[in-house]
Amino acid sequence: MHVATDEAQAPSPSSRLVSLEQLRVRGLPARVYHGGTGTPLLLVHGGWGGSEMHWNRVWENLAESYEVVAADLPGLGWVEQPPLASVREYAEWLEDLLDELAIDKAWLVGNSFGASVAWSLAGRFPQRCAGLILVNGVPMPKTPAPLLWGGKTRIGRALMRSLVRKLSYNPAAVLRGFADPAKVPATLRHLMDTEEGEIILRRFAEILIAGDGAPAPRTPPLLLWGARDRLPGT
């Protein structure tokens, strides 16, 4: 649940290469930030908010050399939509998105939870992966059957929500995810204190219970990890 940021100033609206587009995937609306030219680059956001919060400081620079695609994942980045049930389903949804954009193959770049989704997409659909970059994130393992059963009980769900809230979905956890607390987006600070944030937390807990266990990608991944990242898993 880390967010990519840098010092770059946002360009003026008239000079932006990446803009919001409304598409339809599986017959439902999809919100996609898209622009630039070159090799397609699919940016997959993490569990803290959507694509704009994660990538808007870097996608303009990337769009100077790549065709940037950054979708708001249903139910997580676009909270008003129903969520998907697992990492695998999000990977399959992104594969359908690539079809809608007539993109045969793309570099897959995932941040935190998005790294799990990018790995799953690369492993299950290797023909769509030109390269794989995992930013502060790892593959999500398969949930053992006893834990999967227990996690679907009322108590199991409550325990998982409590664990997610304690480890990564609270104001203190946000500060641990940034080497410089001054760079925490105001929208992210606000998210932790809203009903929208609580909704995302509950959905994210369900996805963690489901697990994944995707096959290993054919393409060796490039792993980027912040040396001063203090969130669990580092």
Side-chain angles (χ1 to χ4, degrees), residues 1-6 33 41-59 62 68-79 83-84 86-91 93-94 107-123 131-141 143 160-161 163-181 183-185 187-189 191-192 196-197 199-214 217 221-234:
M1 295 183 181
H2 319 250
V3 182
T5 63
D6 65 8
Y33 296 89
L41 186 70
L42 178 64
L43 305 177
V44 189
H45 67 76
W48 280 343
S51 285
E52 186 173 23
M53 186 183 296
H54 281 77
W55 302 112
N56 73 334
R57 295 290 186 89
V58 298
W59 62 26
L62 293 172
V68 169
V69 178
D72 282 340
L73 298 178
L76 297 178
W78 194 352
V79 181
L84 304 182
S86 66
V87 168
R88 177 173 186 161
E89 290 192 18
Y90 279 106
W93 184 87
L94 286 173
W107 277 81
L108 311 178
V109 184
N111 179 233
S112 191
F113 169 70
S116 298
V117 178
W119 174 281
S120 187
L121 176 56
L132 176 63
I133 302 175
L134 309 181
V135 184
N136 292 68
V138 295
M140 188 175 293
T143 305
M160 180 58 79
R161 289 195 298 269
L163 182 63
V164 172
R165 181 178 288 107
K166 179 179 180 180
L167 294 180
S168 58
Y169 228 91
N170 62 75
V174 170
L175 294 179
R176 289 195 298 270
F178 285 79
D180 181 358
K183 293 184 179 179
V184 177
T187 50
L188 178 54
R189 293 178 185 271
L191 183 65
M192 295 295 149
E196 180 176 313
I199 291 172
I200 296 174
L201 184 153
R202 288 174 175 270
R203 292 172 175 178
F204 190 69
E206 295 284 338
I207 294 167
L208 289 179
I209 292 171
D212 187 32
L222 170 64
L223 178 62
L224 303 179
W225 207 291
R228 295 170 63 188
D229 185 337
R230 294 173 293 145
L231 281 175
T234 302

Sorted by chain and residue number, the ring-ring contact (aromatic ring centres under 6.0 Å, His included) partners of Trp119 (sequence neighbours excluded) come out as none
Those residues at least two apart in sequence (or on a different chain) that pass side chain to side chain donor-acceptor pair (under 3.5 Å) with Trp78 are Glu80
Nearest heavy-atom approach of Leu175 to Pro181 is CD2-CB, 3.9 Å
Which of Asp212, Val117, Val87 passes side-chain contact (heavy atoms from CB on, under 4.5 Å) with Ile207? It is Val87
Heavy-atom closest pair (Ile209 atom, Thr143 atom, distance to 0.1 Å) is O-OG1, 2.8 Å
Separation between CG (Leu201) and CE (Met160), nearest 0.5 Å, reads 11.0 Å
Contacts of Ser51 meeting side chain to side chain donor-acceptor pair (under 3.5 Å) (sequence neighbours excluded), chain-then-number -> none
Those residues at least two apart in sequence (or on a different chain) that pass side chain to side chain donor-acceptor pair (under 3.5 Å) with Arg165 are Glu198
Within the side chain of Arg176, is there an N or O that forms a donor-acceptor pair under 3.5 Å with the backbone of Leu167?
yes
d(Ser116 OG, Arg88 CZ) to nearest 0.5 Å is 15.5 Å
Quick one: do Leu41 and Val109 satisfy side-chain contact (heavy atoms from CB on, under 4.5 Å)? Show the steps, please.
CA-CA 7 Å; Leu41 186 70; Val109 184; 3.6 Å; yes
On a heavy-atom basis, the closest approach of Trp48 and Met53 is O-SD, 3.5 Å
Interatomic distance, CG@Leu134 vs CG@Leu224, rounded to 0.5 Å, equals 8.5 Å
* To do: Given side-chain contact (heavy atoms from CB on, under 4.5 Å), test Ile133 with Val135 step by step and report yes or no.
  => CA-CA 6 Å; Ile133 302 175; Val135 184; 4.1 Å; yes
* Return the orientation label for the His45 and His54 ring planes: parallel under 30°, perpendicular over 60°, tilted otherwise. => tilted
Closest non-hydrogen contact found for Leu208 with Met140 is CD2-CE, 3.4 Å
Side chain to side chain contact (heavy atoms under 4.5 Å, CB included) filter on Glu52, not counting sequence neighbours, yields Tyr33, Asn56, Trp59
Side chain to side chain donor-acceptor pair (under 3.5 Å) filter on Arg161, not counting sequence neighbours, yields none
Residue set satisfying side chain to side chain contact (heavy atoms under 4.5 Å, CB included) with Ala122, at least two apart, ordered chain then number -> Leu108, Cys129, Leu132, Pro217
Closest non-hydrogen atoms of Tyr169 and Ile200, given as atom of the first, atom of the second and distance, are OH-CG2, 3.4 Å
**Prompt:** Do Val68 and Leu43 pass the side-chain contact (heavy atoms from CB on, under 4.5 Å) test, and can you show the C-alpha distance, the side-chain angles, and the key distance before you say yes or no?
**Reply:** CA-CA 7 Å; Val68 169; Leu43 305 177; 3.8 Å; yes
| Are Val44 and Phe113 close enough, and set up right, to give a side-chain contact (heavy atoms from CB on, under 4.5 Å), and what steps lead you there? | CA-CA 8 Å; Val44 189; Phe113 169 70; over 6 Å; no
Any side-chain heavy-atom pair of Leu223 and Pro221 under 4.5 Å: no
Looking only at heavy atoms, the pair that brings Tyr90 and Leu84 closest together is OH-N, 3.2 Å
query: Is it true that a side-chain atom of Ser168 and a backbone atom of Val164 form a donor plus acceptor pair closer than 3.5 Å?
result: yes
